J.: 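I have a structure here, written as structure tokens, and I will follow up with some questions on it.
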Amino acid sequence: MKTVITAITSLISLSAFAASEDADVVLERLKHPAFVCVMGDPCSENLGKAPVAAAARTGDQVYLSACAACHTSGAAGAPKTGDAGAWGARMDQGLETLVKHAIDGYKAMPARGLCADCSDQEIADAVAYMIDGL
Ligand code: HEC
């Protein structure tokens, strides 16, 4: 008997607890995990808007993701990063020309090192990183 009473008491307190929750909160929590956001819903605020521009990457980040594959190994005749001998004559052209060649492409060097979403500034920073200290 005592068990039955305990069970009933806990049932009552459970339903009292549930009733105290805001129905909207409960509905929100019960939403199907594959809920689709449609225009007009409050969740659609950012639908169709351009994503917020990502913060610019630093020279070494761009270098590691876009340039290192060729410029660390010297693949296809790429001047190796930090190799004064490989960069000497190229450096004589001036930084501006080096950056221009990195952006536009130059002989076997593909435009932007194939980094389509790299900004001019990010490419310039990557070039500066490659020849830093030379
Ligand atoms: C697919 C290989 C490859 C990738 C990736 C690559 N490069 Fe190059 N890069 C080369 C080659 C090869 C050369 C040498 C071109 C030549 O003089 O024949 C070169 C040359 C350069 C030069 C010297 C240009 C000059 O005027 O002498 C710069 C600066 C440069 N790369 C910057 C970069 C930057 C910055 C990145 C990354 C955003 C990058 N490269 C990614 C292959 C690559």
Side-chain angles (χ1 to χ4, degrees):
M1 186 61 182
K2 194 174 176 213
T3 325
V4 174
I5 292 174
T6 315
I8 291 173
T9 323
S10 46
L11 265 181
I12 291 170
S13 55
L14 256 183
S15 51
F17 173 72
S20 71
E21 272 196 89
D22 187 3
D24 287 344
V25 174
V26 176
L27 280 177
E28 185 63 33
R29 203 171 50 224
L30 292 176
K31 249 183 207 161
H32 192 278
F35 167 74
V36 178
C37 189
V38 290
M39 283 299 190
D41 278 356
C43 62
S44 71
E45 238 171 69
N46 293 319
L47 285 185
K49 284 193 192 151
V52 178
R57 289 156 288 196
T58 58
D60 58 326
Q61 286 171 332
V62 172
Y63 174 77
L64 285 174
S65 64
C67 325
C70 295
H71 285 274
T72 300
S73 63
K80 284 193 196 178
T81 300
D83 179 343
W87 283 97
R90 296 178 192 274
M91 301 265 280
D92 294 343
Q93 306 174 98
L95 181 62
E96 205 176 306
T97 304
L98 288 179
V99 170
K100 188 180 180 328
H101 286 167
I103 290 171
D104 298 342
Y106 178 72
K107 299 184 192 169
M109 160 71 200
R112 292 182 193 278
L114 302 174
C115 177
D117 70 345
C118 281
S119 69
D120 289 1
Q121 186 58 54
E122 287 173 331
I123 297 292
D125 290 347
V127 173
Y129 174 82
M130 291 166 82
I131 59 174
D132 186 40
L134 293 182

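The analysis underlying the following values was restricted to heavy atoms, covering all of them including side chains, and did not include hydrogens, waters or symmetry mates. Note that the structure is predicted; figures quoted are calculated from it, not measured. Counting convention: from 1, in listed order, for ligands and their atoms alike.
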J.: Can you find a non-hydrogen atom of L114 under 4.0 Å from ligand 1?
T.: no

J.: Decide side-chain contact (heavy atoms from CB on, under 4.5 Å) for M109 and H71; before the verdict, give the C-alpha distance in whole Å, the side-chain angles of both, and the deciding distance to 0.1 Å.
T.: CA-CA 10 Å; M109 160 71 200; H71 285 274; 4.0 Å; yes

J.: State the atoms of ligand 1, each with its element, that fall below the 4.0 Å cut-off from a heavy-atom position in A102.
T.: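 Every atom of ligand 1 under 4.0 Å from some heavy atom of A102: 32 (C).
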
J.: Which atom pair, heavy atoms only, marks the closest approach of A126 to V62?
T.: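 Looking at all heavy atoms of both residues, the shortest contact is CB-CG1, 3.8 Å.
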
J.: What protein heavy atom is closest to atom 36 (C) of ligand 1, reported as residue, atom name and distance in Å?
T.: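 Checked against all protein heavy atoms, atom 36 (C) of ligand 1 sits closest to C67 SG, 2.7 Å.
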
J.: To the nearest 0.5 Å, how far apart are CD in Q61 and CG in D125?
T.: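 Nearest 0.5 Å value for the CD-CG distance: 10.5 Å.
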
J.: Say whether Q93, considering both its backbone and side-chain N or O atoms, lies within less than 3.5 Å of an N or O atom on ligand 1.
T.: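 Looking only at distances, the answer is yes, because the N/O contact criterion of under 3.5 Å is met.
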
J.: Using heavy atoms and a 4.0 Å limit, tell me yes or no: is W87 in contact with ligand 1?
T.: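 A heavy atom of W87 does come that close to ligand 1.
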
J.: Under 2.8 Å from atom 8 (Fe) of ligand 1 - does any N, O or S atom of M109 fall there?
T.: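 Checking M109: at least one N, O or S atom is under 2.8 Å.
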
J.: Regarding ligand 1, does Y106 bring an N or O atom to under 3.5 Å of one of the ligand's N or O atoms?
T.: no

J.: Can a side-chain donor-acceptor contact be found between Y129 and T81 if the only test is distance below 3.5 angstrom?
T.: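 Not at all, the side chains of T81 and Y129 share no donor-acceptor pair under 3.5 Å.
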
J.: If you have a sec, work out which protein heavy atom is nearest atom 21 (C) of ligand 1 and how many Å separate them, to one decimal?
T.: H71 CE1, 3.4 Å

J.: Give me the residue, atom name and distance of the protein heavy atom closest to atom 41 (C) of ligand 1.
T.: G113 CA, 3.4 Å

J.: Select the closest option to atom 5 (C) of ligand 1 among A69, G59, A86, A66, judged by heavy-atom distance.
T.: A66

J.: I123 heavy atoms, cut-off 4.0 Å: which ligand 1 atoms fall inside?
T.: 38 (C)

J.: Using distance alone, determine whether H101 and ligand 1 share an N or O pair under 3.5 Å.
T.: yes

J.: If you measure from atom 18 (O) of ligand 1 to every heavy atom of K107, K100, M91, which option wins on shortest distance?
T.: K107

J.: Starting from atom 17 (O) of ligand 1, find the nearest protein heavy-atom neighbour and note its residue, name and distance.
T.: R90 NH1, 2.8 Å

J.: Does V127 have a heavy atom less than 4.0 Å from any atom of ligand 1?
T.: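 A heavy atom of V127 does come that close to ligand 1.
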
J.: What protein heavy atom lies closest to atom 29 (C) of ligand 1? Include the residue and the distance to one decimal.
T.: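 Here the nearest protein heavy atom works out to L98 O, 3.5 Å.
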
J.: Just by distance, do the side chain of R112 and the backbone of C118 share a donor-acceptor pair under 3.5 Å?
T.: yes

J.: For residues P79 and R90, report the shortest heavy-atom separation together with the two atoms involved.
T.: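 The answer is CG-NE, 3.5 Å.
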
J.: Would C118 count as a contact of ligand 1 if the rule is a heavy atom under 4.0 Å away?
T.: no

J.: Enumerate the atoms of ligand 1 whose separation from the nearest heavy atom of A108 is less than 4.0 angstrom.
T.: 12 (C)

J.: Heavy-atom contact check, 4.0 Å cutoff: does A76 meet ligand 1?
T.: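 Judged by the 4.0 Å heavy-atom criterion, A76 does count as contacting ligand 1.
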
J.: Could you tell me the residue and atom name of the protein heavy atom closest to atom 1 (C) of ligand 1, and the distance to it rounded to 0.1 Å?
T.: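 Scanning the protein heavy atoms, the shortest distance from atom 1 (C) of ligand 1 goes to C70 SG, 2.8 Å.
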
J.: I'd like to know if Y106 and L98 are part of one continuous hydrophobic network [Ile/Leu/Val/Met/Phe/Trp/Tyr, side-chain heavy atoms within less than 4.5 Å].
T.: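 Unlinked, L98 and Y106 end up in two clusters.
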
J.: Polar contacts were defined as any N/O atom of the residue lying under 3.5 Å from an N/O atom of the ligand; does this apply to R112 and ligand 1?
T.: no

